[in-house]
Every structure is written in structure tokens, then in C-alpha cells.
Amino acid sequence: CLWGVSQWWGERENDRPPSTLTTILLANQGRLTYPLYPILRTRKVFRCREDVLRFEAAVKFEERIETAISSKDWDTGYDVYNLIMVEFKQLLDDEELMKSIKDLPVFLRKLTAPAVLVYCLSRCVDLLEKMKKI
């Protein structure tokens with residue numbers, strides 16, 4: 001994860017099908033061109049080292065919940081869910097962190113610890129539904 005946040009996000013998005021095969025084919029043949037524009041990377045996603053560590057911890061929670069769901073280990077998954085909830089509530093209470101996240105452009109917000117934890121919580125819904133069926 002620390003080797004490249006964009007690579008990490010790309011791996012999460014890879015399980016979705018491409019938008020349109022026609023678009024990809026036209027782009028590969030050079031018939032479809034996109035305008036060139038400068039990329040300005042002046043915005044800092046992480047305010048400090050602590051933000052990076054929070055993000056890394058959130059990614060580890062995501063990995064743990066995915067492992068628990070895929071191995072059908074509901075008890076471990078429920079324990080991880082409880083840890084995620086505690087961490088998420090702590091982050092929500094940090095007003096300075098939440099203000100800095102709101103100041104980020106929308107497309108960068110997905111690279112923050114609370115955003116990853118929200119994704120984890122959405123996966124926990126599946127876990128909790130499956131636990132109820134058992």
C-alpha cells in the first residue's frame with residue numbers, strides 16, 4: 001500500500017468490467033483521442049505521518065474483513081467489524097482531520113482512512129447479513 005496509493009486504488013477497481021469495449025478498441029486503434037491537459041500535483045492528501053499510518057491501518061482492516069468474509073469465518077469477521085466501528089468513531093470525532101478531508105477534492109477523499117473504513121463497513125453489511133442467515 002505504501003508503495004503507491006494509486007496502485008492500491010487501481011487494484012480495488014480491477015474487479016469491475018471495463019466501461020465499454022468499443023471505447024477501448026477505438027482508443028487502442030488511435031481513432032479516439034483525449035485532450036491533453038497538465039497534471040498539477042500540488043495537493044497533499046496526507047497532512048502528516050499520522051494520517052498515513054491511519055490510512056495504512058484502515059487498509060489492513062479492509063484486508064482482514066475481506067479475508068474473514070472469503071473464508072466464512074464469521075466470528076473473526078464480527079470481531080474485526082467491532083474494531084472498525086471503534087476506529088471509525090474515533091476518526092469522526094477528530095474535527096481537524098474531518099475538516100482537512102472536506103477541504104480535499106472529492107476524487108482524493110477516497111484515499112483517506114475514513115473513506116476506506118466506510119468501504120469496510122459496507123463489506124461488513126454483507127458479513128452481518130450472512131451471520132443472520134446462519
Side-chain angles (χ1 to χ4, degrees):
C1 173
L2 291 178
W3 301 114
V5 173
S6 62
Q7 179 183 359
W8 167 81
W9 184 257
E11 289 173 1
R12 281 181 66 187
E13 297 293 310
N14 283 343
D15 63 343
R16 295 185 177 96
S19 59
T20 323
L21 289 176
T22 306
T23 304
I24 294 170
L25 178 65
L26 291 173
N28 287 341
Q29 292 177 345
R31 294 183 186 171
L32 180 67
T33 58
Y34 297 98
L36 297 175
Y37 55 91
I39 298 174
L40 304 173
R41 297 181 186 196
T42 58
R43 180 71 86 159
K44 289 186 177 184
V45 177
F46 305 112
R47 298 172 302 157
C48 59
R49 182 177 185 272
E50 188 64 32
D51 285 353
V52 176
L53 295 176
R54 287 180 185 144
F55 177 76
E56 185 67 24
V59 171
K60 287 180 183 177
F61 277 130
E62 179 188 359
E63 180 183 334
R64 289 176 63 190
I65 200 70
E66 291 293 343
T67 302
I69 291 172
S70 65
S71 64
K72 299 181 181 181
D73 187 358
W74 311 127
D75 294 330
T76 303
Y78 188 71
D79 293 340
V80 174
Y81 160 72
N82 287 323
L83 293 172
I84 291 170
M85 282 300 293
V86 169
E87 182 67 22
F88 184 66
K89 287 177 183 177
Q90 287 177 352
L91 292 179
L92 284 181
D93 290 340
D94 186 345
E95 293 178 15
E96 189 176 315
L97 173 67
M98 297 312 292
K99 183 187 179 315
S100 70
I101 291 172
K102 287 178 183 175
D103 290 342
L104 287 173
V106 175
F107 70 96
L108 289 178
R109 292 180 190 172
K110 66 184 177 187
L111 302 174
T112 62
V116 175
L117 291 177
V118 166
Y119 175 76
C120 292
L121 290 172
S122 72
R123 294 295 293 145
C124 289
V125 171
D126 296 338
L127 172 104
L128 296 171
E129 286 177 348
K130 290 177 182 177
M131 284 180 68
K132 188 175 181 181
K133 292 179 183 177
I134 291 177

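With values rounded to the nearest 0.5 angstrom, Met85 atom CE is found 12.0 Å from Cys120 atom SG. Atom OG1 of Thr76 is separated from atom CD1 of Ile65 by 9.5 Å, given to the nearest 0.5 angstrom. With values rounded to the nearest 0.5 angstrom, Gln90 atom CD is found 10.5 Å from Leu92 atom CG. Here the CD-OH distance, from Glu66 to Tyr119, works out to 4.5 Å after rounding to the nearest 0.5 Å. In this structure, Arg109 CZ and Leu104 CG are separated by 7.0 Å, a value rounded to the nearest 0.5 Å. In this structure, CZ in Phe88 is found 10.0 Å from CG in Asp93, a value given to the nearest 0.5 Å.
Contact record, Ala113 with Ala58: O-CB, 3.8 Å, taken as the closest heavy-atom pair. Summarising the geometry of Pro114 relative to Met98, their closest heavy-atom pair is CG-SD, 4.3 Å, with the distance given to 0.1 Å. The two atoms that bring Val116 and Glu62 nearest to each other are CG1-OE1, 3.9 Å, heavy atoms only.
Residues forming a ring pair (Phe, Tyr, Trp, His ring centres under 6.0 Å) with Tyr81 (at least two apart in sequence, or on another chain): Tyr78.
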| message | Under the criterion salt bridge (Lys or Arg N to Asp or Glu O under 4.0 Å), I'd like the reasoning laid out for Lys99 against Asp103: C-alpha separation, chi angles, the key distance, then a yes or no. | response | CA-CA 6 Å; Lys99 183 187 179 315; Asp103 290 342; 3.1 Å; yes
| Which is it for Glu129 and Val125 under the side chain to side chain contact (heavy atoms under 4.5 Å, CB included) test, yes or no, and what are the steps along the way? | CA-CA 6 Å; Glu129 286 177 348; Val125 171; 3.9 Å; yes
| query | What's the verdict on side chain to side chain contact (heavy atoms under 4.5 Å, CB included) for Arg123 and Leu127, showing C-alpha distance, side-chain angles and the deciding distance? | reply | CA-CA 7 Å; Arg123 294 295 293 145; Leu127 172 104; over 6 Å; no
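At least one side-chain heavy atom of Leu53 sits less than 4.5 Å from a side-chain heavy atom of Arg49. Residues Leu128 and Lys132 have side chains not in contact (no heavy-atom distance under 4.5 Å, counting atoms from C-beta outward). Taking the side chain as every heavy atom from C-beta outward, Arg43 and Val45 never approach each other to under 4.5 Å. At least one side-chain heavy atom of Arg54 sits under 4.5 Å from a side-chain heavy atom of Asp94. With a 4.5 Å cut-off on side-chain heavy atoms, Arg47 and Leu97 count as touching.
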